[in-house]
Amino acid sequence: MTTALTPSMLLQRERELIRRGVDRCPLPQFLMWTAPWFALLVFGCYAAWLCLSQGLFHTNMDNQYAFGLWIFLDLAVIALGAGAFFTGFLLYVARKQEMKAVINSAVVIGLVCYSGAVAVLMVDVGQPLRAWFTFWHPNVHSMLTEVTFCITAYLTVLLIEYLPVALKNRKLCRVTRYAVFEYELHRLMVVFALLGAFLSFFHQGSLGGLYGVLRGRPFAFREGFGIWPSTFFLFIVSAAAVGPSFIALTTWITEKLSGHRLVEGRVYDTLARISGKILLVYVALKAADTLVWMNATAPARGFAARGFYETQPFGTWILLAEIGVFGLLPGWLLVSRRARASRAVLLCGAALACAGVALNRFVMTIQTLALPTLPFERPAQYWPSWQEAGTFLAVIAFGVLVYSFSFRYLTLFPQERELAFGGEKE
Amino acid sequence: MDRGVLVFGAGFALAVAAGWLILPGVFYAKVEQPLAFSHEAHTQTGGMACEDCHGFRDDGSFAGIPTLEQCASCHAEAVGTTESERKFVEEYVKLGREPQWLVYSRQPDNAWFPHAPHVKAAGLPCESCHGDHGQSNSLRPLEVNRISGYSRDVMGRPSGPLGLRRAGGMRMDDCVRCHAGADLRHSCLDCHK
Amino acid sequence: MFPWVYGFEWTAGRIVFLGIFFSVLLVMFLTVAFVFLKSAVHFRTGRAYFIQWKSLFHELPRASRACRHALTGHLPGRVCEGAFECRECSKHGELLEQGREAAIGAGAEEIMGMTVPLDRYYHRGHCWVKPLKKGLVAVGLDELGRRLVGRPDAVETPPPGTWLVANSTAFWVKRNGTAVRVLAPVDGEVIAAGGPSDDWILKVRPPAPLDTRHLLRGDEVRAWYRREVERLELIAGRADGAPALADGGELCADLGEAFPERWDAVCGEMLLDT
Amino acid sequence: MIRKNAEGKHARYGMLIDLDRCDGCGACMVACAVENNIPPGRPGANARTGLNWIKVHRIETGGRPAFLPIMCQQCEDETPCVEVCPQNAVELDPATGVVGQIPQRCLGCRYCVTACPYHARVFNWGDPEWPAGMEKTLNPLVSPRMRGVVEKCNFCHGRWHAAREKAAADGSTGNGPVNYVPACVEACPAGAMAFGDLNDPDSALTRAVAAGEAFRLLDLLQTGPKTFYKTAFAAVRKGVAGERDA
């Protein structure tokens with residue numbers, strides 16, 4: 001028996017993909033929301049295609065500014081995506097049960113951030129088809145090798161972690177095979193949480209090490225411990241610090257956009273408290289590192305630290321902002337019980353912390369490359385081309401779309417159904 | 001035995017056989033030389049040595065396949081009675097037309113293979129890479145990699161376990177195998193340009 | 001990467017680095033392989049359907065997961081962790097030994113305007129089980145279930161011979177272009193399916209002797225019914241324009257007709273479908 | 001990875017550039033481009049997107065301007081670019097001291113470009129394009145590079161290959177240090193550039209470096225370049241090497 005598919009039947013079929021007990025806007029409204037993001041994605045893919053098919057002259061990078069907007073984006077989203085590994089660690093290893101409320105969302109955010117970063121890296125390198133060379137002929141002394149290995153392995157871990165979330169879709173979980181597989185996989189999630197934490201530890205660190213080992217760039221170069229420069233550890237701590245903040249922020253944004261309560265209030269509180277504590281540790285380490293660098297590392301290489309901040313627009317303010325406005329301030333806002341009692345203040349703190357880590361990645365990428373090393377050089381100028389910006393925006397759009405679809409069809413916030421009953425008793 | 005195992009085994013055998021028989025043709029195209037040529041006739045009957053035709057230039061570079069001029073110094077008129085020689089003299093020598101020989105050993109652009117260090121300095125005989133090409137009676141068709149356009153080998157002979165590998169292969173591994181055996185370790189730019 | 005790749009050397013750095021990398025890959029592979037294996041074992045031992053239900057069970061709101069002993073007030077506030085599989089529950093076993101098992105009675109009870117016969121067992125998914133002769137049982141929707149479903153467009157029953165597993169799918173009711181799954185109250189082989197005029201829907205031959213430890217009976221049913229009406233009010237009253245029940249009012253006879261838009265959501269949630 | 005050779009000697013090729021002789025004519029840049037098959041710049045290419053392996057910088061020193069040719073400095077202590085390459089596309093040849101860049105192994109991540117303090121590494125931002133007919137003039141000893149890879153000066157390795165081949169043909173093993181001159185040195189009309197083997201105590205280069213006048217760029221970064229500079233003028237040295245190094 002075949003019947004024509006009427007629009008109302010189509011809507012009904014679509015509704016049946018959404019779990020019972022949660023409210024989602026009608027399909028047309030959802031499509032309206034996704035349409036501009038799709039448009040942005042298409043535009044960005046066109047920009048990326050230009051770079052892939054014709055060469056990177058489409059960008060405004062050059063032989064002095066060999067890293068640009070894209071590398072900054074990679075570093076920033078990978079730091080923000082740290083919420084995935086850190087939440088997993090808190091839930092499965094440290095047994096913080098509140099994290100159950102956001103773990104699925106954190107996994108999707110991690111997946112989005114890492115896949116976006118890998119995708120944009122593939123546009124950024126000149127010969128993406130040779131990406132496998134790093135695996136085949138690895139130079140184990142290079143920080144980038146460590147990054148490549150860990151990120152691909154971790155992306156695999158994230159995909160595996162995403163599987164149970166995806167298989168819990170209302171239609172998919174009716175397939176007994178999927179449901180049983182999901183159930184058993186979920187029971188062993190602690191293995192992947194540990195693997196994720198282990199891999200993240202190394203690649204977040206290696207991304208910092210990436211700059212710390214640049215002896216040719218005294219602004220970035222740091223002494224370290226063993227094979228790892230101090231930036232290795234700073235990156236790990238800062239990523240762990242902002243991961244929970246970013247989860248809190250995205251959860252709140254999703255709550256506002258969907259118009260539903262998704263997690264209990266104390267989840268925000270826990271996320272903020274953890275984030276704030278680690279952020280303060282980070283600020284202390286960062287300050288100590290800066291002092292050592294200013295007084296020992298840089299002068300030993302013939303560079304006065306003062307000179308690094310004489311290039312406009314990278315004045316001393318940028319260092320002060322990083323440590324003060326985007327470090328100490330959010331750290332205090334998130335740690336102080338009184339301050340974070342207000343949801344607005346808590347979210348401000350979280351936003352400042354996230355902005356702070358992005359600023360740090362910006363400084364490490366862009367300021368490092370802008371500063372001259374040879375005494376007669378002038379500071380380099382760089383402004384991204386529309387192709388670079390387009391590819392950047394495509395990654396953002398990709399992230400929003402994956403998250404939106406996941407939110408609609410999967411259970412990102414297990415408490416949502418409970419909260420819809422008005423209960424907050426757990 | 002389980003029927004499934006049998007089916008699997010048969011399928012596996014079929015796949016292996018197909019790969020063995022069909023894949024070389026997929027990867028390599030066979031191209032015939034413009035003229036039949038017998039090395040044997042020159043070396044055995046004519047008593048010539050390799051370097052009589054394939055010599056070095058003054059700057060140390062290897063001259064490779066002889067020019068028409070070199071050939072014509074003996075073959076201004078037909079020396080023997082074969083059909084291919086008659087064709088060579090009439091269609092090439094008399095008309096002054098260079099035969100477009102296909103070179104089995106043309107190297108990729110980024111590889112630098114000098115004959116002098118191998119032949120003169122290390123004293124390797126030609127046969128170590130080119131096999132018994134010098135004693136062959138006919139020219140094998142050139143097997144061209146359909147993607148890269150390079151020859152499959154430099155006319156080596158079967159070697160390796162079961163005789164499946166050819167000496168004088170054109171891959172970097174084939175160079176490396178010999179160099180590693182001679183305990184010569186290199187940097188990339190030694191052989192790449 | 002591998003010893004046979006050109007340029008590979010057995011240096012300490014390489015051994016440590018690649019050793020860790022391959023270990024990570026191995027752990028990932030082994031874990032996933034183990035999960036596949038474990039799943040296969042569940043299918044072989046017949047636990048797959050129960051596990052499917054168990055995994056879905058934890059998605060249900062707390063209000064839908066109350067322990068039967070919480071309903072009767074013996075264990076206040078207790079939430080079931082065992083997917084309503086009281087046969088495997090140690091707590092339930094303890095209480096049974098203390099003689100807390102309610103007895104199956106006779107007659108019927110009027111609860112909130114609904115007739116609930118007490119001569120049978122009830123499953124949390126609103127199916128009753130009534131022992132018949134020759135070791136057969138009849139399975140049907142209780143009155144609340146019938147009012148929720150109303151007059152279904154179709155009831156999709158499994159063909160005779162199908163083996164039902166308790167808490168897995170028993171049959172589907174179709175309405176308004178969508179379908180709600182009804183949970184099987186007992187294990188057993190389907191013998192026959194009833195027509196629209198029958199008050200039962202399936203006749204099942206469960207393994208003898210009939211195990212009813214996981215089913216509600218007697219006093220429990222009363223408490224449970226009151227809780228279920230409360231739950232319905234919560235679910236139905238959640239969204240604006242939903243069928244709110246006036247206190248003391250009676251549930252309409254056909255929810256699917258009264259509120260076609262919300263039928264799928266309300267009926268599905270009440271019947272513990274996901 | 002030390003090569004065995006009959007002579008048992010390894011070279012450390014280096015260079016000494018006399019800044020007082022360089023008048024910034026750019027002949028070295030042209031000779032380098034011709035020798036190494038460097039394609040003409042793309043439309044809109046500038047000093048920072050072009051493919052020059054050697055660049056002559058003009059430096060204001062207060063008095064007369066100085067000209068400073070910079071190419072790969074062939075660092076030999078913890079060579080910044082070698083360390084960072086994820087896939088061993090950059091290596092320091094222990095037999096010649098030349099930092100080799102293998103375009104066919106390069107994936108174009110540009111981490112080495114970032115790591116080099118001398119900006120001696122250049123990236124192919126697009127496909128190489130030669131004007132019609134010009135591709136026939138390419139140097140067969142040097143393979144042209146493709147889009148998306150990094151390249152840089154290797155002290156004219158094509159000439160080194162040719163010198164080795166000649167040496168082997170002449171009866172040497174062809175494995176020891178060979179004598180050759182990079183194109184820039186050959187082209188310099190002022191004779192400002194000297195090339196030689198720093199391991200050879202008798203070479204003019206070694207003697208000049210040993211004489212103590214020579215200095216290196218960014219010496220304090222401890223990268224150990226094998227390219228030396230010299231000048232008799234303190235102002236020039238200060239302008240080129242900075243306050244601390246001077």
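The chains referred to below are lettered A, B, ... by the order of the sequence lines, with proteins before strands, and numbering in each begins at 1. Keep in mind it's a predicted model, so treat the numbers as computed, not measured.
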**Asked** Of the listed residues (A:T145, A:V125, A:V147), which shares the most heavy-atom pairs with chain D below a 4.5 Å separation?
**Response**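 Among the listed options, the one with the most contacts to chain D is A:V125.
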**Item:** Among A:A131, A:A380, A:A220, residue most engaged with chain D (heavy-atom pairs, under 4.5 Å)
**Value:**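 Going by pairs under 4.5 Å, I would pick A:A380.
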Taking every heavy-atom pair that is under 4.5 Å apart, which of [options] has the most such pairs with chain A?
options                     : value
D:V150, D:N88, D:T49        : D:N88
D:C81, D:C116, D:P86, D:A45 : D:P86
D:G148, D:P80, D:G50        : D:G148

**Message:** Would you call the rings of A:Y46 and A:W386 parallel, tilted or perpendicular, taking 30° and 60° as the class edges?
**Reply:**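 Parallel, since the angle between the ring planes stays under 30°.
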**Prompt:** Should the pair D:Y229 and D:F215 be assigned to parallel (<30°), tilted (30 to 60°) or perpendicular (>60°) ring geometry?
**Reply:**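 Tilted, since the angle between the ring planes falls between 30° and 60°.
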**Inter-chain contacts: residues 199-209 of chain A against chain D, heavy atoms under 4.5 Å** =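 Listed by number: A:G209.
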So what's closer than 4.5 Å to chain D heavy atoms on [X]: side chain, backbone, both or neither?
X      : result
A:L371 : neither
A:P218 : side chain
A:S53  : backbone
A:T368 : neither
A:L210 : both
A:T134 : both
A:E377 : side chain
A:L56  : both

Under 3.5 Å side-chain donor-acceptor pair for [X] and [Y]:
X      : Y      : result
D:E151 : D:W53  : yes
A:E388 : A:N60  : no
A:T373 : D:Y118 : no
D:D20  : D:T231 : yes

**Message:** With a 4.0 Å cut-off on N to O distance, would you call A:D124 and D:R110 a salt bridge?
**Reply:**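 A salt bridge is present here (some side-chain N lies under 4.0 Å from a carboxylate O).
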**Request:** Give every residue pair that meets the side chain to side chain donor-acceptor pair (under 3.5 Å) criterion with at least one member in residues 61-72 of chain A, sequence neighbours excluded.
**Result:**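 Passing the test, one end in residues 61-72 of chain A: A:D62-D:R48, A:N63-D:W125.
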**Message:** Does anything in residues 218-231 of chain A form a side chain to side chain donor-acceptor pair (under 3.5 Å)? List the pairs, not counting sequence neighbours.
**Reply:**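 Of all non-adjacent pairs touching residues 218-231 of chain A, those that pass side chain to side chain donor-acceptor pair (under 3.5 Å) are A:R222-A:D289, A:S230-A:D289.
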Using non-hydrogen atoms and a 4.5 Å limit, figure out which bit of [X] sits close to chain A: side chain, backbone, both or neither.
X      : value
D:E78  : both
D:T114 : both
D:P103 : backbone
D:R42  : side chain
D:L51  : neither
D:V82  : backbone

**Any D:N52 side-chain heavy atom under 4.5 Å of D:C32 side chain** =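 Not touching, per the 4.5 Å side-chain cut-off.
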**Request:** Considering non-hydrogen atoms only, spot the tightest contact between D:V113 and A:R217 and give its length.
**Result:**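 For D:V113 and A:R217, the tightest heavy-atom pair comes out as O-NH2, 4.4 Å.
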**Item:** A:L359, A:T290, A:V357 screened by side-chain contact (heavy atoms from CB on, under 4.5 Å) with A:E322, the one that passes
**Value:**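 Output: one option passes, namely A:L359.
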**Request:** Apply salt bridge (Lys or Arg N to Asp or Glu O under 4.0 Å) to A:R361 and list each qualifying residue two or more places apart in sequence or on a separate chain.
**Result:**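 For A:R361 there are no salt bridge (Lys or Arg N to Asp or Glu O under 4.0 Å) partners, ignoring immediate neighbours.
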**Request:** Could you tell me whether a side-chain N or O of A:Q127 sits under 3.5 Å from a main-chain N or O of D:R147, the two making a donor and an acceptor?
**Result:**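 Checked: pair present.
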**Prompt:** Counting N and O atoms only, with roles assigned by atom type, does the side chain of A:S142 sit under 3.5 Å from a partner on the main chain of A:N139, one being a donor and the other an acceptor?
**Reply:**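 No: the side chain of A:S142 does not pair with the backbone of A:N139.
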